[in-house]
Amino acid sequence: MDLTGSCHCGAVQLELPSPPETATSCNCSLCRRSGALWVYYEFGTVRITGHPENTHEYVWGDRQLRTVRCRTCGLTTHWERLQDGEGKRHGVNLCNFAPELAAVVRIRHLDGADTWEYFD
Ligand SMILES: [Zn+2]
């Protein structure tokens, strides 16, 4: 299975270390607007090229994360923690990958707007 993806214009390239089994759809005020499907990996295991030279970041709320998007096409590519520690994982937007990859994962719905628990 092809584990490489990119933003729409190709300025940011992503490569997953392994196929995801689940993806998270979150209803928080940011995610519900971007429509991202998040898959999580240990920080540093996802190969990302074109970042940060071709990206912009957005930080909001409790300032735990930077959400990263392409400077040219505007697509959300991934998020990173602002500080080290606490799991050191990061999220990658599966929507930037081949549709076959998203078709086989189990999608979990996260109540990021309120309880931070999964609905399932
Ligand atoms: Zn782009």
Side-chain angles (χ1 to χ4, degrees):
M1 191 169 285
D2 184 9
L3 298 178
T4 61
S6 72
C7 66
H8 192 259
C9 75
V12 183
Q13 306 274 336
L14 307 135
E15 184 177 350
L16 303 177
S18 57
E21 289 173 5
T22 61
T24 295
S25 171
C26 174
N27 66 356
C28 83
S29 58
L30 182 61
C31 292
R32 70 183 165 83
R33 287 176 165 83
S34 72
L37 268 184
W38 298 113
V39 293
Y40 306 118
Y41 291 92
E42 188 182 334
F43 187 77
T45 61
V46 179
R47 209 167 80 187
I48 302 174
T49 57
H51 168 63
E53 62 272 28
N54 298 330
T55 56
H56 281 148
E57 66 177 52
Y58 179 60
V59 179
W60 69 292
D62 55 8
R63 304 188 67 82
Q64 300 280 311
L65 310 174
R66 63 167 65 90
T67 304
V68 179
R69 67 184 186 279
C70 173
R71 255 180 222 197
T72 302
C73 67
L75 270 281
T76 302
T77 54
H78 65 289
W79 59 254
E80 303 172 340
R81 289 198 177 279
L82 292 178
Q83 274 125 27
D84 285 350
E86 212 207 317
K88 287 207 63 171
R89 62 177 193 169
H90 65 169
V92 176
N93 183 4
L94 194 63
C95 298
N96 294 302
F97 293 78
E100 299 79 61
L101 212 50
V104 298
V105 298
R106 185 166 71 94
I107 294 176
R108 303 192 68 196
H109 294 272
L110 178 68
D111 186 18
D114 187 18
T115 63
W116 280 95
E117 292 185 4
Y118 286 97
F119 288 113
D120 56 13

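We use all heavy atoms of the structure for the numbers below, so side chains are in, but hydrogens, waters and symmetry mates are not. We count ligands from 1, going down the list as the structure has it; atoms in each ligand are counted the same way. The residues of the chain are indexed from 1 along the displayed sequence.
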- Item | Count, waters excluded, of protein N, O or S atoms under 2.8 Å from the Zn ion (ligand 1) | 4
- Do any N or O atoms from the side chain of Asn96 and from the backbone of Gln13 form a donor-acceptor pair under 3.5 angstrom? no
- Message: I'd like to check Asn93 versus Trp38 (side-chain heavy atoms, cut-off strictly below 4.5 Å). Are they in contact?
- Response: yes
- Task: For the residue pair Tyr118 and Thr24, confirm or rule out a side-chain donor-acceptor distance under 3.5 Å.
- Result: yes
- Query: Where the side chain of Arg71 meets the backbone of Thr55, is there a donor-acceptor pair that is under 3.5 Å apart?
  - Reply: yes
- Query: Using the ring of each side chain (for Trp, its six-membered ring), is Trp79 parallel, tilted or perpendicular to Tyr40, with breaks at 30° and 60°?
  - Reply: tilted
- Message: What I'd like to find out is whether the side chain of Arg81 reaches to under 4.5 Å of the side chain of Gln64, using heavy atoms alone.
- Response: yes
